[in-house]
*Asks:* 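Sharing a structure here in structure tokens format.
Every chain is numbered from 1, with letters handed out A, B, ... down the list of sequences.
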Amino acid sequence: MIQLIRGFKDVLPGEVELWQAIEKTAISVFDDFGFKEIRIPIIEKTELFSRSIGDNTDIVEKEMYTFSDRKGDLITLRPEATASVVRSYIQHKLYTSDPVQKFYTIGPMFRRERPQQGRYRQFYQINAEIFGIDSPLADVQLIFLLVTLFSRLAVPDVETHINSLGCPICRPGFKQALIDFLSKTKVKLCSDCIRRSKQNPLRVLDCKVPSCREAMAQTPSLLDFLCYECVRDFKILTDSLEHLNISFIIDKRLVRGLDYYTRATFEIQTGFLGAQSAVAGGGRYDGLVEALGGPDLPATGFAIGLDRLTEISDLQIDDYHKTPQIFIAALGQKSKGKAFEWVCSLNKTGIRAEMDFGEKSLKSQMKRANKLGASHVLIVGEKELTEGSAVLRDMMTKKQVFISTDAVIENVSRKLGALPL
RNA sequence: GUGGGUGUAGCUCAGGUGGUAGAGCACCGGGUUGUGGCCCCGGUUGUCGAGGGUUCAAGUCCCUUCACUCACCCCA
């Protein structure tokens, strides 16, 4: 037997209904907020990701699915969506008609990590990006959209964490202060953090090793180093969230793993996913459009982990499960053929109709109708066919009526149409 | 990449110290010659994750390997 690839998964009927419901809800929220869908490829040139995400991030260093195609070009299964959306925005010069653009996209991402709860090698994200808006109100709108969506999806107990990462003007000062601090405390840090303190000192901030957390309690706060604009923007962010009654936690360890983030960063966290706490994360990435060859335009966005969302949503999938409205139980060759025509016609008119294609007894066909959850069964045999009237049974009330076989489709649709299905 | 746990029927799981595989549910059929759910009766299902070793004999012991899973790491 051929098994699926490690870390990948099938979403089977029964669960798929929940995915559809979530996607549908998300699309309608995006619609309400004025976001347009954009569809981008799942493979890009490797260079796009190494340049946008950052060469010495874990994602680029050891998690990407990178191949050379038949011509020898290096291509990569996308580990995230933002880079592609930005590329598309630049390539099609979407900023010319209006620099302000709001996009969303839904689809699979690929990272070769060790699988565990809420983490797969192919996972799905719902992404949103806003281009061309400097104001932190754009970040607030994203957070508000997330909160709205999560409440429509009946997601319980989520926390909004926010932080500011500063900008190219003030971050270097903080970085230097942090490096100075780390060089004094190095002995107390774990081996990973000793390595990080050289390559990417900001990452030490969200290390989860207790001794590091303890050592970092005294760390200089990035918020103390912010320049005038960054402070002003962060204040607007927090004030606006308060005005919108969105509770949040200022989390100065919220650093995020991708190089391109600036200023506002945020994460929606939950306690229901084992070690995985983030269901959604995002932030501002003002330098990325220019860095990828576009004009100097600001941008901000988020990604929702759709797989994780399905695991914590309280939506009841039973509500989305569709059962047949009618099952046609036919006896004998002639009625079988007639039943098949009827099923086809009913399906065509939009009625969920089923039948048994084998030579089964009426009893076993009734069992099957019951198992499928059909609300009605139409019984037709030689007798009914010659007499021109078939039996329509209501599976709930057990009541049976005769209906003419001359106009079965009309009669059945009228009968079923009158009922709440 | 590192560590722990687990792999027996479609599913959930039993199978002291080695003796050629079980239950419940599900599925199929019958009890009702043309009427579902409840009940009763009967039936099917396994390369015991894979490969190798020890042994007269391995689901059981040993080695290797794979998968799943949880955690570290990192992230959505």
*Asks:* When the C1' atoms of G7(B) and G51(B) are compared, how many Å lie between them, rounded to an integer?
*Replies:* 16 Å
*Asks:* What is the nucleic acid contact for Lys371(A), judged by heavy atoms within less than 4.0 Å: base, sugar-phosphate only, or nothing?
*Replies:* sugar-phosphate
*Asks:* In terms of the nearest nucleotide of RNA chain B, which residue is placed more toward the 5' end: Ala278(A) or Asn370(A)?
*Replies:* Asn370(A)
*Asks:* Would you measure the distance from the P atom in A9(B) across to the matching atom in G59(B) and give it in whole Å?
*Replies:*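 To the nearest whole Å, 14 Å.
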*Asks:* Do the ring centers of Phe35(A) and Tyr104(A) come within less than 6.0 Å of each other?
*Replies:* no
*Asks:* Output the rounded distance in Å from CZ (Phe327(A)) to C1' (G37(B)).
*Replies:*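 Answer to the nearest Å: 15 Å.
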*Asks:* Between G36(B) and C28(B), how far apart are the C1' atoms? Round to whole Å, please.
*Replies:*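 Looking at atom C1' only, C28(B) and G36(B) are 16 Å apart.
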*Asks:* Closest-nucleotide mapping onto RNA chain B: is Lys398(A) or Gly281(A) further toward the 5' terminus? I mean the 5' end.
*Replies:*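 Taking each residue's closest nucleotide, the earlier one in sequence belongs to Lys398(A).
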*Asks:* Is there a donor and acceptor pair, one atom on the side chain of Lys367(A) and one on the base of G29(B), closer than 3.5 Å?
*Replies:*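 For Lys367(A), whose side chain was compared with the base of G29(B), there is no donor-acceptor pair (under 3.5 Å).
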*Asks:* Does Arg368(A) contact G36(B) through a side-chain donor or acceptor facing the base, at a distance under 3.5 Å?
*Replies:*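 Looking at the base of G36(B), it does not pair with any donor or acceptor on the side chain of Arg368(A) (distance under 3.5 Å).
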*Asks:* Whether the side chain of Gln400(A) and the base of U35(B) hold a donor-acceptor pair under 3.5 Å is what I'd like checked.
*Replies:* yes
*Asks:* Quick test of your reading of the model: are Lys338(A) and Glu341(A) salt-bridged, counting only N-O distances below 4.0 Å?
*Replies:* yes
*Asks:* At 4.0 Å (heavy atoms only), tell me whether Ala369(A) reaches a base, stays on the sugar-phosphate, or touches nothing.
*Replies:*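 Since no nucleic acid heavy atom lies under 4.0 Å of Ala369(A), the category is nothing.
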*Asks:* Which is true for Gly7(A) with a 4.0 Å heavy-atom rule: it touches a base, it touches only sugar-phosphate, or it touches nothing?
*Replies:* sugar-phosphate
*Asks:* Considering non-hydrogen atoms only, spot the tightest contact between Ala353(A) and Asn347(A) and give its length.
*Replies:* N-ND2, 3.3 Å
*Asks:* Under the side chain to side chain contact (heavy atoms under 4.5 Å, CB included) rule, what do Ile43(A) and Arg78(A) come out as? Steps first, then yes or no, please.
*Replies:* CA-CA 6 Å; Ile43(A) 298 178; Arg78(A) 63 180 184 194; over 6 Å; no
*Asks:* Under 4.0 Å between any heavy atoms, over every strand shown, what does Glu311(A) touch: base, sugar-phosphate, or nothing? Just pick one.
*Replies:* nothing
*Asks:* Tell me the interatomic distance from Phe302(A), atom CZ, to A76(B), atom P, rounded to whole angstroms.
*Replies:* 13 Å
*Asks:* Contact list please: residues 112-129 of chain A against RNA chain B, heavy atoms, distance less than 4.0 Å, in numerical order.
*Replies:* Glu113(A), Arg114(A), Gln116(A), Gln117(A), Gly118(A), Arg119(A), Tyr120(A), Phe123(A), Gln125(A)
*Asks:* Please report the shortest heavy-atom distance between Gly301(A) and Tyr285(A), naming the atom on each side.
*Replies:*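 Closest approach of Gly301(A) to Tyr285(A): N-CE2, 3.6 Å.
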*Asks:* Counting side-chain heavy atoms from CB outward, which of C68(B), U35(B), G34(B) is closest to Arg6(A)?
*Replies:*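 Of the options given, the side chain of Arg6(A) lies nearest C68(B).
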*Asks:* Distance check, P atoms only: U45(B) and U55(B), in whole angstrom units.
*Replies:* 34 Å
*Asks:* Tell me the interatomic distance from Lys62(A), atom NZ, to C72(B), atom P, rounded to whole angstroms.
*Replies:*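 That distance rounds to 15 Å.
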*Asks:* Write down the distance separating the C1' atoms in C11(B) and G46(B), rounded off to the nearest Å.
*Replies:* 14 Å
*Asks:* Minimum heavy-atom separation for Gly166(A) to Leu226(A), with atom names?
*Replies:*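 For Gly166(A) and Leu226(A), the tightest heavy-atom pair comes out as CA-CD2, 3.6 Å.
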*Asks:* So, under a plain 3.5 Å distance rule, would you say the side chain of Lys360(A) forms a donor-acceptor pair with the base of G29(B)?
*Replies:* no
*Asks:* Taking atom CZ of Arg414(A) and atom CD1 of Ile403(A), what is their separation to the nearest 0.5 Å?
*Replies:* 9.5 Å
*Asks:* Do Lys9(A)'s NZ or CZ and the ring of Tyr120(A) fall within the cation-pi criteria of under 6.0 Å and 45°?
*Replies:*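 Because its charged atom sits under 6.0 Å from the ring centre and within 45° of the axis, Lys9(A) does stack over Tyr120(A).
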*Asks:* Closest approach of Ser404(A) and Val408(A), non-hydrogen atoms and distance?
*Replies:*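 Shortest heavy-atom separation between Ser404(A) and Val408(A) comes out as O-CG2, 3.5 Å.
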*Asks:* Report, one line per pair, each donor and acceptor closer than 3.5 Å where one atom sits in a side chain of residues 139-149 of chain A; sequence neighbours left out.
*Replies:*
from, atom 1, to, atom 2, distance (Å)
Asp139(A), OD1, Arg284(A), NE, 3.4
Asp139(A), OD1, Thr300(A), OG1, 2.6
Asp139(A), OD2, Arg284(A), NE, 3.0
Gln141(A), OE1, Lys102(A), NZ, 3.4
Thr148(A), OG1, Phe144(A), O, 2.7

*Asks:* Taking N and O atoms by type only, does the side chain of Glu382(A) place a donor or acceptor under 3.5 Å from a partner on the base of G34(B)?
*Replies:* no
*Asks:* Give the dot-bracket line for RNA chain B from 5' end to 3' end: parentheses for intra-strand Watson-Crick or G-U pairs under 3.5 Å, square brackets for crossings, | for inter-strand pairing, dots for unpaired.
*Replies:* (((((((..((((.....[..)))).(((((.......))))).....(((((..]....))))))))))))....
